[in-house]
Amino acid sequence: MKKQFSPLLVATALSTLFGAGAVHAQTASTPTEQGSETSGRFNGTSDQSIGDIIVTGNGVSANGVTNTTPGGGLMAVQTGTKLRSTVTRDYIDKLAATTTVFTAIKSLPGVVLGSGDPFGSSANLTIRGLSQTSLGFNFEGMPIGDQLSYSAFPGEWADTENIGLINLTRGSTDITAPVYNSVGALLQEEMISPSRTPGGYVSFAMGNHDLNRQFLRLETGEIGDTGIRGFISGSRTYNDSWRGPGRTERHHIDSKFVKEWGEDNIISLVATYNEEKSDRSRNPTKAQWDQFGRDFNFDATYTPGNANYYRLRVADRQSLYVSAPSNIRLTNNLQLSVTPYYLYTHGVINGASNLNLTNAFQGNQPAGPLQAPGATTNPATVMNVDYYNQDTFGQNSYLKWDVGSAQIRLGYWYSHFVHIERAAFQVADANGNVTDPYGKTGSVLTSSGEVFRNFAARIEQDVHGVYADATLKALDDKLLLNAGFKYVWVDRTATSPLPGTAMLTKSMSRKPLLLIAVEK
């Protein structure tokens, strides 16, 4: 039985600052410093988050807390036409270091959050009864939800210490958001803006289940006379599974650089890398939970023929997210917002089984007898490898035109996505080890010498979206009207190299949005 400790999480934080005048390295003077977008000249538009907040004096702590947001950081003032809640650093900093964006919004209206572990790494989010497939997710202007399942992996987003603000828009989302499935809500996360002075921030966390986490952020401050400032941070997290054998480790890097000049001109470059390895968990029935409790999971030791050995059931995922959200003022009344982005993920979600080496099919063709290096029995105990690779690149851009008491926005969104997935089988040796958990070498072969697969696919998707909206202030700014139109078409093609499988082509479309709201 695994030794249990008190559920109390012990955490310590230490600010380590470098350079002259670095005592207030995180001091902010505008909303941009807290991670919100530049408000522009037309306050109250449908994408407006919070009003202008000017921080004076030296009341900002090194971790970005200003104590200026009502409700302890949960009730930021809203002036737009959307039903939106904003969470700021004033609340985010109070959360545990292992917190994800899902955990940070669990107290907001309409949000229900369930988790399969105490670290929030497998959270199940619903908003107003709608699951993740009906929710949109944006991180620094890029659509970060999985393009096939529409699920999100919030543990891959920014480290808690780097989250500047979180916007949750329930119901109809902003028309400029690069999503097409967000009928329930849109969740947006932005990182803090880099400090104007050089410095750093360090935090440590320890807890039960052998939790150990370290975080370090280094701030460049303004680099010479270039107007460029940025930060780079890294963290490592290790913890044992909260029930049964197994372990999780996470390695994460965040970086953000910005350049501002003139009025409303800003260019940003954001990059986030995440790697997480974990041993998968086995879900118990009620009877199994009553009998074994936290000890129930996959088996801690291996014997030949045992497909429930925990080291045969692993998940390993790496991701890289890059975006450059920028805003350029072209004329006194015209601005251009552009966000190019690139997303890359790959990894495995592996299981295990006992494979019959005699009777097998590759697609609709007989493939046996199979060649299984190292197999001493038939059926052979194997790791079921599920390898996938995803590439996404795209851009979202729109013009904002101020015309007296109105603002008009006109934009275009494009995204190209490729998903490649290939299954394979790896024979377990006498100790339960395999040659390659990614299935690239040493896999089971067909009688003709090909890698034996029960699944293989290439999915390619193109998304085009055009949109326009107009926002009008009337009655001395007491009435705010917003109306918009958005049309998105999605072309998806799926092919497989397995014999007997057909190519699948599918097209989808989404249509307009209309909003009217009154602002007091």
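Side-chain atoms are counted along with the backbone in the values below, which use heavy atoms only and exclude waters and symmetry mates. Each residue takes its place number in the sequence, starting with 1.
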Side-chain heavy atoms of [X] within contact of [Y], under 4.5 Å:
| X | Y | value |
| --- | --- | --- |
| L113 | T103 | yes |
| L218 | S233 | no |
| I253 | T272 | no |
| I328 | I267 | yes |
| I144 | N138 | no |
| I163 | I192 | no |
| E421 | Y387 | no |
| Q132 | F137 | yes |

*Are L125 and L135 close enough, and set up right, to give a side chain to side chain contact (heavy atoms under 4.5 Å, CB included), and what steps lead you there?*
CA-CA 9 Å; L125 176 70; L135 307 178; 3.9 Å; yes
*Should T173 and S182 be marked as a side chain to side chain donor-acceptor pair (under 3.5 Å) after you check the CA-CA gap, both sets of side-chain angles, and the distance that decides it?*
CA-CA 7 Å; T173 60; S182 55; 3.3 Å; yes
Check salt bridge (charged side-chain N to carboxylate O under 4.0 Å, His left out) between [X] and all other residues, then give those that pass, not counting sequence neighbours.
| X | answer |
| --- | --- |
| R458 | E460 |
| R317 | E156 |
| D159 | R213, R250 |
| K277 | E275 |

Quick check: does any side chain N or O of [X] sit under 3.5 Å from a backbone N or O of [Y], one acting as donor and the other as acceptor?
| X | Y | value |
| --- | --- | --- |
| D90 | T66 | yes |
| S323 | G141 | no |
| N327 | D264 | yes |
| T248 | N239 | no |
| S326 | A324 | yes |
| R217 | F231 | no |
| N265 | W261 | yes |
| K256 | M191 | yes |
| R229 | P194 | yes |
| K473 | L480 | no |

Quick one: list whatever passes side-chain hydrogen bond (donor to acceptor under 3.5 Å, both in side chains) with [X], sequence neighbours left out.
| X | value |
| --- | --- |
| E189 | none |
| Q147 | Q461 |
| S443 | Q426 |
| T126 | none |

Checking [Y] against [X]: is there a side-chain donor and acceptor pair closer than 3.5 Å?
| X | Y | answer |
| --- | --- | --- |
| N274 | S319 | no |
| T197 | E219 | no |
| T69 | T88 | yes |
| Y487 | H464 | no |
| N333 | Q335 | no |
| D462 | Y414 | yes |
| D146 | Q390 | yes |
| N389 | D391 | yes |

*Using the salt bridge (Lys or Arg N to Asp or Glu O under 4.0 Å) rule, take E260 and R196 through it: C-alpha gap first, then chi angles, then the decisive distance, then the call.*
CA-CA 11 Å; E260 295 177 279; R196 297 183 183 277; 3.3 Å; yes
Test ring-ring contact (aromatic ring centres under 6.0 Å, His included) applied to [X] - qualifying residues, sequence neighbours left out:
| X | value |
| --- | --- |
| H416 | F393 |
| Y467 | none |
| F215 | none |
| Y342 | none |

Give, for atom [atom1] of [X] and atom [atom2] of [Y], the distance between the pair rounded to the nearest 0.5 Å.
| X | Y | atom1 | atom2 | value |
| --- | --- | --- | --- | --- |
| T176 | D469 | OG1 | CG | 7.5 Å |
| Y398 | I408 | OH | CD1 | 15.0 Å |
| S107 | L74 | OG | CG | 6.5 Å |
| L472 | L479 | CG | CG | 7.5 Å |

*Could you tell me whether Y238 and H251 have their ring centroids closer than 6.0 angstrom?*
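When the ring centroids of Y238 and H251 are compared, they turn out to be within the sub-6.0 Å range.
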*S415 and T392: CA distance, side-chain angles, deciding distance, side chain to side chain contact (heavy atoms under 4.5 Å, CB included) verdict*: CA-CA 7 Å; S415 175; T392 306; 3.6 Å; yes
Between the side chains of [Y] and [X], is the shortest nitrogen-to-carboxylate-oxygen separation below 4.0 Å, so that they form an ion pair?
| X | Y | answer |
| --- | --- | --- |
| D93 | R89 | yes |
| D174 | R409 | yes |
| R236 | E249 | no |
| E222 | K259 | no |

*Report the C-alpha distance between I127 and L168 in whole Å, list the side-chain angles of each, state the deciding distance to 0.1 Å, and finish with yes or no for side chain to side chain contact (heavy atoms under 4.5 Å, CB included).*
CA-CA 10 Å; I127 298 178; L168 177 64; 3.5 Å; yes
*Can you list the steps and then say if E276 with F153 is a side chain to side chain contact (heavy atoms under 4.5 Å, CB included)?*
CA-CA 11 Å; E276 184 168 333; F153 300 87; over 6 Å; no
*Just wondering, are more than 12 heavy atoms of other shown residues or ligands nearer than 6.0 Å to CZ in R422?*
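Open: at most 12 neighbouring heavy atoms sit under 6.0 Å from CZ of R422.
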